[in-house]
Amino acid sequence: MAKIPFQAARGTRDLYPEDLVLVRHLERTARNLARSCGFAEIRPPLFEETRLFRRSLGESSDVVDKEMFSVPRRGEAQGDSYTFRPEGTAGVARAYVNGGFAARAPLQKWFYLGPMFRYEKPQKGRERQFNQFGVEAFGSPSPILDAEVVDLAMRFFEALGFGAELEVRVNTMGDAADRDLWRARLAEYFEPQLEQRCADCRQRFQRNLFRLLDCKQAQCIELNAQAPRLKELLGGASAAHFAGFLEAMRALGRQPVEDAGIVRGLDYYTRTVFEVHYPQLGARSALCGGGRYDGLVEEVGGPPTAAVGFAIGFTATELALAELELPPAAQLADLHAELAPEVFLVAVTDEDRLPLLGLAGHLRAALGVPVLLDYRDKSFKAQMKEAGKSGARWAVLLGPDERAAGEVVLRDLQSRSEERVAQEDLAGRIAGATAQA
RNA sequence: GUGGGUGUAGCUCAGUUGGUUAGAGCACCAGAUUGUGGUUCUGGGGGUCGGGGGUUCGAGUCCCCUUACCCACCCCA
């Protein structure tokens, strides 16, 4: 490859107009769906004080341990460093507290769209900057809310065209007390068998006990079969919550798959946790993760507040869509039509260029549609070529004859038919024809 | 952080056992007589063969280093 002085930073990519067609489609789908469920958009800053993430995600999480994009502060006292958000929940919870919602309007259902940052080694389906769609609902411990949140995630993928194989896997992490008990039991159970387990598991035993449960090594899977199950240690309130959640899911017509291996990587989860999978995609089938985090708001300085949410990564979603050949060709063509101009103005001679510029301004103001013309001194014929290639519906031709008569030639580039139209009637004529079609 | 693969025009790739001025398709630009597009034809611009070093009479082709990207592991969206 030729020597290029600069390139996009590792793990980042440029989204060109062509790429944004799909991104906007995802965002539009997310916005419409979220709004229909009563979620309002929120946009917290892209970076926060580092300690917010340390506190909320947990010191031992991989994200905090080695994946943070942090920048030192300068000249501002000895403040904490800043970190570009590796996920959305912590910042949204912080915003909830700062906005004083706990006191004035505790029930809030919010969603966000935007980039997240993790300092990881990039590979397929993983970037250092990636977009997420997430929702967070604060102020209710009701399992009905959990179910509605999960349902929203499912509907997002359904709206994009994912088929009936879409699957939601659920589990419960219990509350803090349940988890302490479970952690102790697991430690007792795992310790004597460490010798027989894989090296990764011996590492995990120190770092994050729960992760031993979703190890993929054959011998570890076997050993996990007899491991103490949280479900059996669950306190009454947590058990009732999980049962209520499953019931609400059924009321929504969902059949969640219970999977004790769903153990999310961040510390803040309590009770309900879930992932949306599309098994057809194999190893990369997880498209969405989320759950309840009743302790987080308090953790970041607010009053005890129940909350539940999820995050969907667009990188994985885009990969999955490509795999499934979605959106279908016809819809994709419609989406790409956004890039095409409506009208392309063509000058027959150089003397027609300035009058055409005036006409362009007039049409843009009157119609509010994209109107293009040539800026490269192309010949009349070349301009026609460009008009055709641009995907414009209409070509408007202006030559000396038309100029003398105060008219233009309006050509329909699809039907190849054309007519002469008075310049003052042009906008109305185009608007009329478009409305008819 | 660990391991593997790849790196030739904007894009997708050819380049024989190392041998003269490095090619194709697509894209781009311009023409194919007088004011009309998407097909076709002709012509054109564009590459220090990722970078550095070495072997050789001679390297895109062999060796070493380096860098970027990709893929897998870890972990996750």
Side-chain angles (χ1 to χ4, degrees), chain A residues 1-13 16 18 57 60-67 85-89 114-134 153 198-201 203-204 207-208 211 214-217 262-266 275-277 283-290 310-320 340 344 346-352 374 376-403 408-418:
Chain A
M1 205 185 290
K3 200 198 282 182
I4 295 171
F6 298 105
Q7 47 189 298
R10 186 160 207 202
T12 69
R13 65 185 160 133
Y16 295 101
E18 290 263 312
L57 310 189
S60 68
S61 66
D62 266 56
V63 174
V64 166
D65 194 41
K66 52 190 189 194
E67 297 172 359
R85 60 183 189 187
E87 55 93 60
T89 303
M116 306 293 159
F117 307 82
R118 290 190 195 177
Y119 208 117
E120 294 190 274
K121 195 152 176 177
Q123 58 183 274
K124 198 174 182 65
R126 186 196 295 172
E127 304 170 282
R128 289 183 173 181
Q129 178 180 334
F130 55 96
N131 287 302
Q132 275 190 348
F133 163 45
C198 67
D200 285 336
C201 277
Q203 286 277 323
R204 293 186 187 113
R207 294 176 44 79
N208 189 341
R211 298 231 72 90
D214 62 4
C215 183
K216 292 136 207 143
Q217 299 290 323
I262 303 294
V263 180
R264 310 247 67 232
L266 307 177
E275 291 176 4
V276 175
H277 284 256
R284 234 178 294 283
S285 71
L287 299 171
C288 164
F310 69 68
I312 291 170
F314 279 9
T315 311
T317 304
E318 284 170 46
L319 239 38
F344 201 104
V346 175
V348 175
T349 69
D350 283 341
E351 285 66 45
D352 302 312
D374 168 58
R376 291 183 292 178
D377 294 329
K378 290 193 177 238
S379 68
F380 171 69
K381 195 163 182 168
Q383 289 178 65
M384 285 304 295
K385 264 189 192 168
E386 196 163 336
K389 223 168 35 188
S390 75
R393 168 79 197 280
W394 306 101
V396 170
L397 322 196
L398 184 71
D401 296 351
E402 290 82 4
R403 205 144 31 84
V408 301
V409 171
L410 176 62
R411 180 177 176 85
D412 183 329
L413 289 167
Q414 283 158 30
S415 69
R416 318 192 68 147
S417 63
E418 60 187 35

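The sequence lines fix the lettering, A, B, ..., with proteins before strands; numbering per chain opens at 1. Since we're looking at a predicted model, the values are computed, not measured.
A/Glu318 contributes no side-chain N or O that forms a donor-acceptor pair with the base of B/A77 under 3.5 Å.
Look at the P atom in both B/U17 and B/C62: the space between them is 11 Å, to the nearest Å. The separation of B/A68 from B/G31, taken at their P atoms, amounts to 44 Å, rounded to a whole angstrom. Taking atom P on both B/C63 and B/U55, the two are 15 Å apart, rounded to the nearest angstrom. Spacing of C1' atoms, B/C28 relative to B/U12, comes out at 16 Å, to the nearest Å. To the nearest whole angstrom, the two C1' atoms, one in B/G51 and one in B/C69, are 15 Å apart. One P atom belongs to B/G50, the other to B/U6, and the distance between them is 13 Å to the nearest Å. Here, B/A32 and B/G37 have their C1' atoms 16 Å apart, quoted to the whole Å. Only the C1' atoms considered, B/G25 is 10 Å distant from B/A14, to the nearest whole Å.
The backbone N or O of A/Pro86 sits less than 3.5 Å from a side-chain atom of A/Arg118, completing a donor-acceptor pair. When atom types are taken as modelled, the side chain of A/Gln383 and the backbone of A/Ala347 share a donor-acceptor pair closer than 3.5 angstrom.
Using a 4.0 Å heavy-atom criterion, one finds that A/Arg118 contacts the bases of the nucleic acid, with or without backbone contacts as well. Using a 4.0 Å heavy-atom criterion, one finds that A/Ala387 contacts no nucleic acid atom at all.
Here the side chains of A/Glu120 and A/Glu127 are not in contact, with every heavy-atom distance at 4.5 Å or above. Inter-residue side-chain proximity for A/Arg403 and A/Thr349 is flagged as met; some heavy-atom pair is nearer than 4.5 Å. Looking at heavy atoms from C-beta onward, A/Met384 lies in side-chain contact with A/Leu397 at the 4.5 angstrom threshold. Using a 4.5 Å cut-off on side-chain heavy atoms (C-beta onward), A/Lys385 and A/Lys378 make no contact.
Base-pair partner of B/U6: B/A68 (Watson-Crick or G-U wobble, both distances under 3.5 Å). Base pairing analysis places B/U55 opposite nothing; no Watson-Crick or G-U wobble pair with both distances below 3.5 Å involves it. B/U12: Watson-Crick or G-U partner is B/A24, with both key distances under 3.5 Å. Under the Watson-Crick or G-U wobble criterion, with both distances below 3.5 Å, B/G1 is paired with B/C73. Base pairing of B/G60 is not made with any nucleotide, judged by Watson-Crick or G-U wobble geometry with both donor-acceptor distances under 3.5 Å. The partner of B/A32 is B/U40, by the rule that a Watson-Crick or G-U pair needs both atom distances under 3.5 Å. For B/G46, there is no paired nucleotide, since no Watson-Crick or G-U wobble pair has both relevant distances below 3.5 Å.
Of the candidates B/C70, B/A77, B/C71, the closest approach to any side-chain atom of A/Lys124 belongs to B/C71. The listed nucleotides are B/U2, B/C74, B/C76; the one nearest the side chain of A/Lys121 is B/U2.
Classification of A/Glu67 and A/Arg126 as a salt-bridged pair fails, no side-chain N sitting under 4.0 Å from a carboxylate O.
Applying the 6.0 Å contact sphere to NZ of A/Lys124 captures no more than 12 heavy atoms from other residues, nucleotides or ligands. Annotation: A/Tyr119, atom OH; neighbour count of heavy atoms from other residues, nucleotides and ligands within 6.0 Å does not exceed 12.
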Reading nucleotides 28-36 of chain B from the 5' end, what letters show protein touch, with B for base, S for backbone sugar-phosphate only, - for no heavy atom under 4.0 Å? SSS----BB
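The nearest whole Å value for the distance from the NE2 atom in A/His277 to the C1' atom in B/A77 is 11 Å. Note: CD (A/Glu127) to P (B/C69) measures 12 Å, nearest angstrom. In this structure, A/Leu57 atom CG and B/C75 atom C1' are separated by 14 Å, rounded to whole Å. Spacing between atom CZ of A/Arg10 and atom P of B/A68 amounts to 6 Å, rounded to whole angstrom units. Atom C1' of nucleotide B/C76 and atom CZ of A/Arg128 are separated by 15 Å, given to the nearest angstrom. Here the C1' atom of nucleotide B/G10 and the CD atom of A/Glu18 are 14 Å apart, to the nearest Å. Counting to the nearest Å, the P atom of B/A77 and the CZ atom of A/Phe130 are 8 Å from each other.
Remark: A/Gln123 is not in phosphate contact with B/C71, judged by side-chain N or O atoms under 4.0 Å from OP1 or OP2. In this structure, A/Arg126 does not reach the B/C71 phosphate: none of its side-chain N or O atoms is under 4.0 Å from OP1 or OP2.
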